There are 4 protein chains.
Amino acid sequence: MVEEHGRSGRPRSERARTAVLNAVDDLLVEVGYAALTMKGIAERAGVGRQTVYRWWSNKAEVLYEASAIDARKELSVPLSGDPARDFTAYLDALVKFLAHSDAGAAYRALVGEAQHDTAVAALLSSGDILGESATKVVEPALDASGSDLSVEQATALLVGPPFFHILSGRSVESIDTRRLAEEFTRVLVARRRQDRGATAGR
Amino acid sequence: MVEEHGRSGRPRSERARTAVLNAVDDLLVEVGYAALTMKGIAERAGVGRQTVYRWWSNKAEVLYEASAIDARKELSVPLSGDPARDFTAYLDALVKFLAHSDAGAAYRALVGEAQHDTAVAALLSSGDILGESATKVVEPALDASGSDLSVEQATALLVGPPFFHILSGRSVESIDTRRLAEEFTRVLVARRRQDRGATAGR
Amino acid sequence: MVEEHGRSGRPRSERARTAVLNAVDDLLVEVGYAALTMKGIAERAGVGRQTVYRWWSNKAEVLYEASAIDARKELSVPLSGDPARDFTAYLDALVKFLAHSDAGAAYRALVGEAQHDTAVAALLSSGDILGESATKVVEPALDASGSDLSVEQATALLVGPPFFHILSGRSVESIDTRRLAEEFTRVLVARRRQDRGATAGR
Amino acid sequence: MVEEHGRSGRPRSERARTAVLNAVDDLLVEVGYAALTMKGIAERAGVGRQTVYRWWSNKAEVLYEASAIDARKELSVPLSGDPARDFTAYLDALVKFLAHSDAGAAYRALVGEAQHDTAVAALLSSGDILGESATKVVEPALDASGSDLSVEQATALLVGPPFFHILSGRSVESIDTRRLAEEFTRVLVARRRQDRGATAGR
DNA sequence: TAGTAATCGAGACGGTACGTCTTGTCTTGGA
DNA sequence: TCCAAGACAAGACGTACCGTCTCGATTACTA
């Protein structure tokens, strides 16, 4: 990929860009999301404030760019071919991400902000980190199962319970990922067995 | 319970209290959570700022007190005795609450804030609105089903999918509450049929 | 003197009155005039705020009542009959009062406040502490000298120089009270010698 | 002197500076010193509060900068060479300044504040407006007279009486500047006549 | 090689919420 | 009627951050 920018003028400083992203990473851990400010980011990065505003319009955007790669990495699990095993592995990764990782804390903060800031909501929708990662695990099994659930519905069934558990402040220890994976598997399979019958009334 | 206040001194003004709660209700709808400020609340209520700070330590507390009653009311559904029907009714109420009501918008904002503010997290935990309302619907059916799921696990299975769907910004229309209720019912029942067998490997 | 008050009702509490005056005395020394507040006075005195406001309308009034007696005492010097000696004694007392005593600090603060608060100005005029004390020393000598200066003019000549010196922040050490007394004496005497002559042109 | 600012960064706005100084001038006349607030100054000047605080630490500093130039101008009198005439002219200017001018009201307020605020006291000492202006009139005559009074002592003798008169709230009309100038002249001269003699006892 | 133009760091700008403080008034129960 | 306690509406305090702006100083591409 060739280096290209709007024609002439000084090119964007890669040094400044990475300094900002690192500063956000550090500050999120040190002071938390609430105390994270554009001013603080710029000062920590040793960068002018205008430079931050030039490339990101608010702290959510910086944070998103700074944590999205880590998030995707942490939510990526190798597929074994055994659905139940893969679901369990994914749920383990998901719980670890949401409840214990820095990138997960950033993600939770962004989801929180998105509840009352449409710009942040759009940002999160543009790269649906949780949805994409879950889809990779769910889609193959869903196709094989013959279930009539949409991928979206299926991922919500898989991701929803632990997501709710953690975001609503319940204890992480009481999440039984193996059991959740089992129940999810059963839902997919059950659907196949009842092709003609139970859902006829709908 | 007798009206009692710390012995001497002017008693708390009920007029001021309700003015503040009403102001918060109004302002949330008018300007949104982000633009909701303690200063703005006080001014709208025609109340001194000190008076607001005296009884609530931040906007989350005021908002919680102002919306909790509405929230509980909106999430309360009469039980018919037919689990599947009750689950559907509850999920309908839940979706309507989370996605369309003012109290639900307040609740989502508070859940968001709780992700990076432990005080708000504690506040929400102190009166677990979603958990309590779901428990009323889930517990009777769970007891009758003989399933070994804990109430907490079961409510997460019921509430999690739509909760995730809405908070992660997916379209509300694609939520099929009847289908979710069905699957949830199946999970409870399935467990009973397999008392000896499927879960033995755990 | 008989205890009298407006007819019926609870009589004024002498305990509260002295507690307030003592509190003001203490607080002036401890925190200074700027940090002296009606609230602070009431709390320090263990008295309701309304009680303070009932009897004094602002901190200047309380301070005036609390320090006027001390002030008068500190500025009262016994007359010897020798004008120069009496003037020196008075000036010594004046300098000590203005520059070093607590009552003097209170007086200076009140004079300061009087520059932009007519209520305080009226309060100070009502009991002209400096004028009265100076008059006691100046008037006898003035009468004896036969000078045509008014008492007011003469006191200003005596009190003015050290008053200006201290209130304008000059070093107290450079005040030579003996010399000031001498010059003042000379002014009184000189006037007599020139009854016919120098002032004819006026 | 070259315009220099700390190297980089946006330079100080002269527009904001003069707007603040003008606002203070106006507000002092309109609302008085007591009701003069940093908030009010900023709003009147159409300037952010931070901008005011950035360059002046309290209202006294702003007021000092805003009125010092006027004060110096009002207290500057041309010298005729005739001491008595110059003293009278100076005293007239002084009385007019202290009792009737806006800059004088500001000065009196600052002197008042200085009685209980060491920062203001230091500010006034740093540019001794009254002392400097008086010195210009006193020093030449003092040198010529051969009196052993220090300049400081002599200025206190000249300035003190009207200063005391006005700041202690006495009527301005009863100040006889011609007479005060005469007496002051006499003090200087008297000293010369008694080089050997009267002061020997000291 | 000079000119053009967008970048960079720094930091002042107008604006506004923060949470605290004091003001002077009011409303209790008790003396 | 007074008193202590303390809540009330009002509004200034000094600080923090917002997003914009204006500097001088780089750093490329373009002519």
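For the numbers below, each heavy atom of this structure counts, side chains included, while hydrogens, waters and symmetry mates do not. All values reported here derive from a predicted model rather than from experimental measurement. Lettering of chains follows the sequences in order, A, B, ..., and the numbering in each one begins at 1.
Picking from E:dA10, E:dC13, F:dC8 the nucleotide with the shortest atom distance to the side chain of D:S13 gives E:dC13.
For the pair A:E14 CD and F:dA28 P, the computed distance is 13 Å after rounding to whole Å. Atom CE in A:M38 sits roughly 16 Å away from atom C1' in F:dA16 (whole-Å rounding). Whole-Å rounding puts the A:E61 CD to F:dG19 P distance at 11 Å. Summarising the geometry, the separation between CD1 on A:I41 and P on F:dA16 is reported as 18 Å, rounded to the nearest angstrom. The distance between atom NZ of B:K39 and atom P of F:dG11, rounded to the nearest whole Å, is 11 Å. Atom CD of C:E43 and atom C1' of E:dC21 are 11 Å apart (whole Å). Atom CZ of C:R44 and atom P of F:dA4 are 16 Å apart (whole Å).
Note that CG of C:D25 is 11.0 Å distant from CD of C:E30, once rounded to the nearest 0.5 Å. Atom-to-atom distance recorded for B:L167:CG and A:R108:CZ is 13.0 Å, nearest 0.5 angstrom. A:W55 contributes atom CH2, which lies 13.0 Å from atom CG of A:L21 (distance to the nearest 0.5 angstrom). For the atom pair C:R12 CZ and C:R54 CZ, the distance stands at 9.5 Å (nearest 0.5 Å). How far CG of C:L28 is from CG of C:L36: 6.5 Å, rounded to the nearest 0.5 Å.
Where A:K59 and B:R17 each meet DNA chain F at their nearest nucleotide, the meeting point lying more 5' is that of B:R17. Annotation: of the two residues near DNA chain E, A:A16 and C:G40, the 5′-most nearest-nucleotide partner is A:A16. Between D:A42 and B:N58, the residue anchored closer to the 5' end of DNA chain E is D:A42, taking for each the nucleotide with the nearest heavy atom.
Regarding contacts with the backbone of F:dC3, a side-chain N or O of C:W55 is found under 4.0 angstrom from either OP1 or OP2. Between A:R10 and F:dT27 there is a side-chain polar atom (N or O) within less than 4.0 angstrom of OP1 or OP2. Phosphate contact (OP1/OP2 of E:dT25, side-chain N/O of C:R54, threshold under 4.0 Å): absent. The side chain of B:R15 contributes an N or O atom lying less than 4.0 Å from OP1 or OP2 of F:dA9. For the pair A:W56 and F:dG19, the criterion of a side-chain N or O lying under 4.0 Å from OP1 or OP2 is not met.
Using a 4.0 Å cut-off on heavy atoms, the residues of residues 45-53 of chain D that approach DNA chain F are D:R49, D:Q50, D:Y53, listed by number.
C:Y107 places no side-chain N or O within 3.5 Å of a backbone atom of C:I129 that could act as its donor or acceptor partner. Remark: side-chain polar atoms of A:D26 are not paired, donor with acceptor, to backbone N or O of A:V29 under 3.5 angstrom.
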